*Asks:* 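My structure is below; once you've seen it, I'll send some questions.
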Amino acid sequence: MNIELNYTNIMDEIIYEEGISLLDFVNIKEKINTAYDKVMQKCKNDELGFMKIIYDDILIYYELKEYSKDFDNIVVIGMGGSILGTQAIYEGVKGIHYNDLNDKKVYFLDNSDPEKTFEILNIINLKKTLVFAISKSGNTAETLANFLIIEEKLKGITKDYKKNIVVVANTGELKNIADREGYKFYRMPENVGGRFSVFSAVGLAPLCCMDIDIEALIEGAKEMDKLCRNKDIFKNPALMNATIHYIAYNKGKTISVLMPYIERLHKFGLWYRQLWAESIGKNGIGQTPVISLGAKDQHSQLQLYMDGLKNIIITFITVHKFKYDLKIRSSNYLNNRTLSTLIHSEQKGTEISLTNNKIPNISINIDELNEYTIGKLIYLYEMQTAFMGELLEINAFNQPAVEGGKIITRKLLEECPVDEIKESKPTKKYCIEI
Ligand SMILES: O=P(O)(O)OC[C@H]1O[C@H](O)[C@H](O)[C@@H](O)[C@@H]1O
């Protein structure tokens with residue numbers, strides 16, 4: 001059960017106009033060492049809480065796990081870093097059809113789409129549902145909106161509604177509501193950024209109620225932490241992968257494609273997308289994360305990756321052992337092959353053709369996808385992001401640019417009469433009405 005990083009087309013001795021070679025590393029040796037030292041110094045200064053929380057006591061969640069056994073459903077309400085990590089781990093371990101295969105149903109309310117909220121509330125018996133409302137700021141509109149709708153419904157169907165609600169918030173309106181109503185609640189350390197918070201109560205509180213082995217999850221993160229505290233780049237996968245992406249970025253690779261060849265890692269891709277975009281998209285700098293799923297997106301995006309702008313670097317994630325497999329009977333080359341052999345061959349074929357086409361690509365190979373290895377994978381990317389921020393000399397831990405849209409939204413909601421917002425069109429902009 002291990003993660004290894006193979007650098008296809010990266011560590012070759014070839015130096016060519018698109019490639020990356022050892023010489024590129026030698027040229028920035030001091031910069032790499034400085035980036036490593038700065039991350040470790042920030043950790044010592046207690047600025048990087050995500051590197052500390054994996055050593056916190058997790059026994060506090062075992063009472064919640066027992067408590068959750070009385071419920072048939074779990075609903076998690078949150079946005080961004082308050083829900084994407086939990087979804088990535090839940091789906092990464094349990095798969096995408098868990099609800100169809102098990103009595104306990106798990107739903108994620110991660111948007112302000114009225115149809116999604118309505119349909120989930122229509123499926124579940126709210127009285128038998130444990131609801132997690134998660135928001136570090138406690139003021140995220142979508143989270144508050146969904147929570148207030150569910151809270152009102154619960155108040156209408158049971159006087160014991162307080163038993164159905166767990167809040168994870170440090171401050172803001174959600175924390176005030178939890179204090180006023182006396183809801184069960186958990187905090188997260190202030191020095192842990194939202195998109196780095198899945199190993200805090202943000203993820204561990206709901207996950208321990210979803211039959212996820214949070215002990216194995218944290219063990220995986222700790223194992224990866226040992227590797228990432230090694231100054232030798234050739235023994236530190238996060239520092240190495242950050243450096244590869246940094247060198248690639250400086251060679252014009254402004255798009256980072258993550259391409260797992262297993263459906264269970266699609267939500268992990270969405271978590272990575274926020275982590276990478278929001279952490280390094282600063283001051284006119286940024287490497288756009290794109291999520292592709294193998295093998296199916298070979299049929300939708302590979303033409304662009306192979307023959308379009310040479311502005312991408314691709315990371316394949318391959319899982320060697322699937323939970324199940326199926327044999328193919330056929331008169332052609334597929335005969336007596338299994339689906340796992342097919343998808344592994346497709347990944348290898350894509351990797352080799354991209355390499356032949358001088359598209360830099362990296363492989364992360366996971367023996368078996370479970371709590372331990374997804375814990376390693378998530379922590380790997382958290383550390384890679386921290387190192388990348390230092391290499392790019394930007395602050396990887398804030399997101400100042402997202403506030404503008406929220407202020408305008410709030411103004412609209414406060415000032416515009418209800419029915420006008422739907423009609424209001426942004427001026428000076430081409431609109432297509434369908
Ligand atoms: O956890 P919350 O305070 O609700 O924030 C949820 C998300 O929304 C914010 O706008 C930020 O873009 C994200 O970094 C954050 O994870």
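Just so it is clear, the model here is predicted, and its values are computed rather than measured. When a ligand or atom number is given, it counts from 1 through the structure's own listing order. Below, all heavy atoms of this structure are taken into account, side chains as well, without hydrogens, waters or symmetry copies.
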*Asks:* For atom 1 (O) of ligand 1, find the nearest protein heavy atom and state the residue, atom name and distance (0.1 Å precision).
*Replies:*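 The protein heavy atom lying closest is Ser82 OG, 2.5 Å.
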*Asks:* Are Asp367 and Lys321 ion-paired here, with the side-chain N under 4.0 Å from a carboxylate O?
*Replies:*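 Salt bridge present between Asp367 and Lys321.
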*Asks:* Looking only at distance, does Gly81 have an N or O less than 3.5 Å from an N or O of ligand 1?
*Replies:*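 Between Gly81 and ligand 1 (N or O atoms, distance only) the closest approach is under 3.5 Å.
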*Asks:* I want to know whether Phe397 and Phe196 have ring centres closer than 6.0 Å.
*Replies:*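 Yes; Phe196 has its ring centre under 6.0 Å from that of Phe397.
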*Asks:* Check whether any N or O atom of Thr143, backbone or side chain, sits under 3.5 Å from an N or O atom of ligand 1, and answer yes or no.
*Replies:*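 Among all N and O atoms of Thr143, none is under 3.5 Å from an N or O of ligand 1.
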*Asks:* At under 4.0 Å between heavy atoms, which part of Gln399 makes contact with ligand 1: side chain, backbone, both or neither?
*Replies:*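 It is the side chain that touches ligand 1; the backbone stays farther off.
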*Asks:* N/O to N/O below 3.5 Å, does that happen between Glu403 and ligand 1?
*Replies:*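 No - when backbone and side-chain N and O of Glu403 are compared with those of ligand 1, no distance drops under 3.5 Å.
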*Asks:* Closest by any non-hydrogen atom to atom 2 (P) of ligand 1: pick that one out of Leu144, Val168, Thr140, Asn139.
*Replies:*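 Among Leu144, Val168, Thr140, Asn139, the closest heavy atom to atom 2 (P) of ligand 1 belongs to Thr140.
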*Asks:* Hey, are Lys175 and Asp179 close enough for a salt bridge, meaning a charged N less than 4.0 Å from a carboxylate O?
*Replies:*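 Looking at Lys175 and Asp179, the cut-off is met.
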*Asks:* Are Phe322 and His344 an aromatic pair by the rule of ring centers under 6.0 Å?
*Replies:*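 They qualify: ring centres under 6.0 Å apart.
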*Asks:* Of the choices Arg195, Gln274, Met188, Glu142, which has the non-hydrogen atom that lies closest to atom 15 (C) of ligand 1?
*Replies:*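 Closest candidate by heavy-atom distance is Gln274.
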*Asks:* Of the listed options (Glu278, Met79, Lys136), which comes nearest to atom 12 (O) of ligand 1 when hydrogens are ignored and any heavy atom counts?
*Replies:*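 Comparing heavy atoms across Glu278, Met79, Lys136, the nearest one to atom 12 (O) of ligand 1 lies in Glu278.
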*Asks:* Side chains of Ile359 and Lys310: does their closest heavy-atom pair fall under 4.5 Å?
*Replies:*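 In short, these two side chains touch, coming nearer than 4.5 Å.
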*Asks:* Is it true that Lys31 and Glu390 make a salt bridge, defined as a side-chain N closer than 4.0 Å to a carboxylate O?
*Replies:*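 Salt bridge: no.
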*Asks:* Near Lys406, which atoms of ligand 1 are under 4.0 Å from a heavy atom of that residue?
*Replies:*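 Counting atoms of ligand 1 from 1, those under 4.0 Å from Lys406 are 9 (C), 10 (O).
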*Asks:* State, to 0.1 Å, how close Ile366 and Ile317 come at their nearest heavy-atom pair, and which atoms those are.
*Replies:*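 So the two residues come closest at CD1-CG2, 3.8 Å.
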